[in-house]
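First the structure, in the form of C-alpha cells, and then the observations on it.
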Number of protein chains: 2
Amino acid sequence: MSNLRQRAAAPSRSLSPTLPGTPGLDHPAHLDQILVGDCVAMMERLPAGSVDAIFADPPYNLQLEGGLTRPDQSKVDAVDDDWDKFDSFEAYDAFTRAWLIACRRVLKPNGTIWVIGSYHNIFRVGTILQDLGYWVLNDIVWRKANPMPNFRGKRFTNAHETMIWASRSQDAKSYTFNYEAMKAFNDDLQMRSDWLLPICTGSERLKDGEGAKLHPTQKPEALLYRVLLSSTNPGDVVLDPFSGTGTTAAVARMMGRHFVGIERDPAYAEAARKRIAAVTPASAEGLASQRPKRAEPRIPFGAVLEAGLLTPGDELTDAKGRHKALVRADGTLEVAGTTGSIHKIGAHVQGLDACNGWTFWHTQKDGAPRPIDDLRARIREGLGLAS
Amino acid sequence: MSNLRQRAAAPSRSLSPTLPGTPGLDHPAHLDQILVGDCVAMMERLPAGSVDAIFADPPYNLQLEGGLTRPDQSKVDAVDDDWDKFDSFEAYDAFTRAWLIACRRVLKPNGTIWVIGSYHNIFRVGTILQDLGYWVLNDIVWRKANPMPNFRGKRFTNAHETMIWASRSQDAKSYTFNYEAMKAFNDDLQMRSDWLLPICTGSERLKDGEGAKLHPTQKPEALLYRVLLSSTNPGDVVLDPFSGTGTTAAVARMMGRHFVGIERDPAYAEAARKRIAAVTPASAEGLASQRPKRAEPRIPFGAVLEAGLLTPGDELTDAKGRHKALVRADGTLEVAGTTGSIHKIGAHVQGLDACNGWTFWHTQKDGAPRPIDDLRARIREGLGLAS
DNA sequence: GAGAGCTGTGAATCTGGGG
DNA sequence: GCCCCAGATTCACAGCTCT
C-alpha cells in the first residue's frame, strides 16, 4: 500500500461510483470533494451530525527561530510557512478551540476524531478536546522508523508524533472500533497504542515541478490506513479539515470510505484532486490482506544493565580471558583509560576496525564464561514481542 | 539493575556517606531524606534554586467509573485510591498548577523537570508546564514491554505512558544532557524519544504484608536509571514530590546522586526509607560516563606546530585530495593567497559558512592521509588529559 | 546487471565561550 | 547586552553514479 498512485488504473470521472450506502441521487454535493476555504467556515456549512470520523492534522505551532544546519553544513528545510505561525499560545488555543467546536457539530453522536501533533501543540489540543466534552479513547504514538536525527546533540532524537483518538462525548458508547480487524492486522495480537511506521518518502511523496516536496508535512498513507481501518467502516464519511495533499481522502477512497476534504490553499487542493482521481478503490478481499511488517527488536547494551543482568563495575573478558574490560554505568566499557561501546572497545583491544561486542565479550557472573549475547537473548525472551 | 535491594550489602546508617560535592558539615538536613507531608507545603520550605532535577509521578486523575473485570470475571486491581480522585478537570488543573509552581521555585536556573502521565492527565500537565514558562525539551514515550491487555476489546491496548522533559525556561541553554553517555548506552546511536522497558514486576515490586503490591503505580527502576543518567550528574540533587515507594530516591542513591523525596502517606515513606537504606551506591569508576568533547581541553592548531607534528611549509589536503593548503608558521593556512584559521580556510575552499578544520584537513606525513585531529589527540594524550 | 559507494533529506522549538 | 569565531554535530532511506 505504499503508493496508491502507482496502483491506479485509468482515472474515473466520478470519484466514488461504487461506494456502498450512498445511492447516487442522494449523494450530497460536498461528498467526495476537496473544498477550498477556511476549515471553520466550511464546516459550518456542512450538515450537523453528518460525519462518521474526522482525521485532523492541524498546524503544530513549531515556534522555530534560527536556522539549523546538519554537520555537513547543509541547511535543514524547516517548516517556516505562514500557516504555522501564531502570536502566542493563547492565539493557538483560540484557533484550536474554534475548529474543534466546528468538528464536534458535524460529527455524528457516535463519531470519533483523530488529531495528530507533536509536543509543541498536542498538549494544548488534548486539553481543549477534554474541555469541549470530547472523551479521549487512546493516545497513539507514531514511532518513526526513520526520523530526522538531532544534529546538535542537545536533546533526544524526536522520533515520534502523537495522535489523540476521542469520541464525541463520554456517553457515546457505540463508536466504531474494529477490534478483530486490528488484531488480525497485528498477527493476532491486540493492536497496541504504539505504531512503528516509516515517514512519507520516495514515490509516495508528492513533488512540485522542480522535484522538491510539494507539502512540508505530508503524512504516510500507511498511517491513515490504520486509522481508517480501526475506526471506520466501508461507506462511512471521513472528514479532514486540514486536507493538504489529500492523504486522508486518497486512503479513504482506496478503502471504500467517503471523504470530505477542506483545504485553504488552492494549489494543495488541486494536487489532492489529481492524486485522489488516480486512486483505484480496493476490493474487499484486497483490503483484508494487509499485514504490517514486524522486526526483531534492537536491544542496546545499556538494557542489559537496566535489566540487572550486569552491574556497573562488573568485569568482562574475551572468551580466553586475554582481555579485560570494566562495565560503566552508561553502558560503555573501559580498558586502560580508553572508553567506548562494547563494539568499539572490542575492536580496540584486538587492534581491529570493527568487532561484534555481543559475541566477543563474556561474563563469568554465574560460573563459566559465556557471551553477553546470552544476556541479550534473555531480554528478548522476557520482552516476548516484536515491532 | 532490576532490583537494587537484591544487590544490597549491609544497610548503612547515613544514607550518602560517600557522595561527592557535599561535605558532611554542610549537608542540609533535608538532603537524602523522605519528607512526609503535602508536596506543595514541603517544597515551599526548601531553598529556592536548590534542586538540579525533578522527577514527578503525580496522580493520573484516571476517572474510572465502576470496576473493570477480565474476561474470566476476575477483578482488575485498579487505581481507586482517594489521592487519584478529583472532582473536575478544573480541580485537577488547580492542583497541577500549584505543585508545578512550587517545583519551579526550587529548581536551579538550569535545572530540568520530568513529569510522567497517561492520556488522562498528561495533556493538562503539558499545557500548564508551557503556560508557567517551562520549555519542553522532549516528550518521551515509555513503551511497556508487557502492558495490561485491553479486556473489553473497545480500544487499542494502552501500551505506553508519556514523560515530558522540560527546562525551567526557554532561555536556559545550559541544562544537563549527557548526550554522549546516552548515545553510548544505545550502542552508539542517538537515544530516541521512545524507550522500550518492562513494567515493574517480580522482586523489584514492593509487597505489603499479605504479598499484594504495596503501591499501585510503582515505576520500574530502569526508567529512572535512564532519566537520571541522561539529565543529571553524580552529586546532583534530585527531587521527587510524589515519592511513593521511593524508586527515584533508590536509583538516585545507587547512581551517586542526592535525593529529596516528599510523600504524603507515612506508610509509603517508611517503606521507601527501608528500601533506600538497603541500596549500595555504585563505585565512582562504575559511575563514570562518556565525557562530552566540548569538555576536553582546547588545543590550538599552533600547538601541533610547536610539538613538531607538522612543520611550516607542509601541505594539507581534504580527505580526497581535492583541496590543498599550505601550513604557515603562525598556525594559519594559505590557499591561493587567502589565509586564515584551519576552520576558516576549510569553509572557504568548500564555499561553506563553517567547517571543522580538525576533521576536514588531512596530512600524509606518515603514509596514508589521516585527519589532523589525530595529531591533536596525540597532544592531548601527551598532556595526560585523555579518557 | 549487480553491487558498492556517494549524495541528498525529513513537522526541529538543536552551541558556547571569550572579548 | 552584542559580536566573533572555534569547532562540535546525524540516522535511515531513496536515488543516483561508477565499477
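In what follows, chains carry the letters A, B, and so on, assigned in the order in which the sequence lines appear, proteins first and then strands, with residues in each chain numbered from 1.
As rounded to the nearest Å, D/dT10 and C/dT9 have C1' atoms that lie 11 Å from one another. C/dG1 and D/dT17: their C1' atoms are spaced 14 Å apart (whole Å). Comparing the P positions of C/dA11 and D/dT9 gives an interatomic distance of 25 Å, to the nearest angstrom. Distance noted for atom P between C/dG16 and D/dG1: 16 Å (whole Å). As rounded to the nearest Å, C/dC14 and D/dG7 have C1' atoms that lie 16 Å from one another. C/dG17 sits 13 Å from D/dA8 when the C1' atoms are compared, rounded to a whole Å.
An OP1 or OP2 oxygen of C/dT13 is reached within less than 4.0 angstrom by a side-chain nitrogen or oxygen of A/N158. For C/dA12, neither phosphate oxygen OP1 nor OP2 lies less than 4.0 angstrom from any side-chain nitrogen or oxygen of A/K154. A sub-4.0 Å separation between OP1 or OP2 of D/dT9 and a side-chain N or O of B/K183 is absent. Within the structure, every side-chain polar atom (N or O) of B/R294 is placed at least 4.0 Å from both OP1 and OP2 of D/dA8. One finds a side-chain N or O of B/R376 lying less than 4.0 angstrom from the OP1 or OP2 phosphate oxygen of D/dA8. Listed pair B/Y175 / C/dT15 fails the phosphate criterion, with no side-chain N or O lying under 4.0 Å from OP1 or OP2. A sub-4.0 Å separation between OP1 or OP2 of C/dT15 and a side-chain N or O of B/K173 is absent. Taking side-chain N and O atoms only, A/R205 has no distance below 4.0 Å to OP1 or OP2 of C/dG8. Taking side-chain N and O atoms only, B/H343 has no distance below 4.0 Å to OP1 or OP2 of D/dA6. Applying the 4.0 Å criterion to OP1 and OP2 of C/dC14, one finds that A/N150 has every side-chain N and O outside that range.
No engagement by A/E65 is indicated, since no non-hydrogen atom pair under 4.0 Å with the nucleic acid exists. Residue A/P220 is classed as having no contact, given no heavy-atom separation below 4.0 Å to the nucleic acid. Within the nucleic acid shown, A/D57 comes within 4.0 Å of at least one base atom, counting heavy atoms only. Among the atoms of the strands shown, base atoms are found under 4.0 Å from some heavy atom of A/G66. In this structure, B/S341 reaches the sugar-phosphate backbone alone: every heavy-atom distance under 4.0 Å involves primed, P, OP1 or OP2 atoms, never a base. Looking at heavy-atom distances under 4.0 Å, B/E180 makes contact with sugar-phosphate atoms alone, never a base. Looking at heavy-atom distances under 4.0 Å, B/Q190 makes contact with sugar-phosphate atoms alone, never a base. The residue A/D84 sits close to a base: some heavy atom pair falls under 4.0 Å. Within the 4.0 angstrom heavy-atom criterion, base atoms lie near A/G67.
With pairs defined as Watson-Crick or G-U wobble and both atom distances under 3.5 Å, the stems of at least three pairs that touch DNA chain D come out as C:2-10 with D:11-19, C:15-19 with D:2-6.
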Atom pairs, protein N/O to nucleotides 12-19 of chain D N/O, distance under 3.5 Å:
none

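Whole-Å rounding puts the B/H348 NE2 to D/dG7 P distance at 20 Å. B/M191 places its CE atom 15 Å from the C1' atom of D/dC11, with the value rounded to the nearest Å. In this structure, A/F156 places its CZ atom 15 Å from P of D/dT10, rounding to the nearest Å. The distance from atom CG of B/L375 to atom P of D/dG7 is 14 Å, rounded to the nearest whole Å. Remark: C1' of D/dG7 and CG of B/L352 are 14 Å apart, rounded to the nearest angstrom. Look at CH2 on B/W135: it is 12 Å from C1' on C/dC14, rounded to the nearest Å. Whole-Å rounding puts the A/R152 CZ to C/dA12 C1' distance at 11 Å. Spacing between atom CG of B/D373 and atom C1' of D/dT9 amounts to 13 Å, rounded to whole angstrom units.
Nearest-nucleotide positions on DNA chain C place B/K320 closer to the 5' end than the other of B/K320 and A/Q63. Mapping B/D188 and B/W358 onto DNA chain D by nearest heavy atom places B/W358 closer to the 5' end of the strand. The residue among A/F151 and A/V79 whose nearest nucleotide of DNA chain C is located toward the 5' end is A/V79.
For A/D82 and A/K85, the salt-bridge test fails: no basic side-chain N is under 4.0 Å from an acidic carboxylate O. Ion pairing between a basic and an acidic side chain is recognised when a charged N comes within 4.0 Å of a carboxylate O; A/R275 and A/E221 show such pairing. A salt bridge links A/K144 to A/E161: one of the charged nitrogens lies within less than 4.0 Å of a carboxylate oxygen. Ion pair B/D131/A/R124 flagged as a salt bridge, since at least one NZ, NE, NH1 or NH2 atom sits closer than 4.0 Å to an Asp/Glu carboxylate oxygen.
Surrounding CG of B/D330 are more than 12 heavy atoms belonging to other residues, nucleotides or ligands, all under 6.0 Å away. Counting non-hydrogen atoms of neighbouring residues, nucleotides and ligands closer than 6.0 angstrom, the NZ atom of A/K344 reaches no more than 12 such neighbours.
Judged by distance alone, with hydrogens and angles left aside, A/D81 brings no side-chain donor or acceptor close enough to the base of C/dA11 to form a pair under 3.5 Å. Side-chain atoms of A/R70 come within donor-acceptor range of the base of C/dG10, with a qualifying N/O pair under 3.5 Å.
Counting only distance, with no hydrogens or angles, the side chain of B/N110 and the backbone of B/S174 share a donor-acceptor pair below 3.5 Å.
The distance between the ring centers of B/W195 and A/F156 falls below 6.0 angstrom. Side-chain rings of A/W114 and A/W165 approach one another, their centers coming within less than 6.0 Å.
When distances run from any side-chain atom of A/T217 to the nucleotides C/dA11, D/dT10, D/dG7, the shortest one goes to C/dA11. Which of D/dT9, C/dA11, C/dG10 sits closest to the side chain of A/K219 comes down to C/dA11.
For the residue pair A/H160/A/D194, the side-chain donor-acceptor check at 3.5 Å is not satisfied.
C/dT13 has its base syn relative to the sugar, with a glycosidic angle deviating from 0 by at most 90°.
Residues A/N121 and A/T96 fail the side-chain proximity criterion, which asks for heavy atoms closer than 4.5 Å. No side-chain heavy atom of B/Y119 sits under 4.5 Å from any side-chain heavy atom of A/T162.
Judged by the 6.0 Å distance and 45° axis criteria, B/K293 is not positioned over the aromatic ring of B/Y179. A cation-pi arrangement is found for B/R104 relative to B/Y134, the charged atom lying closer than 6.0 Å to the ring centre and inside a 45° cone about the ring normal.
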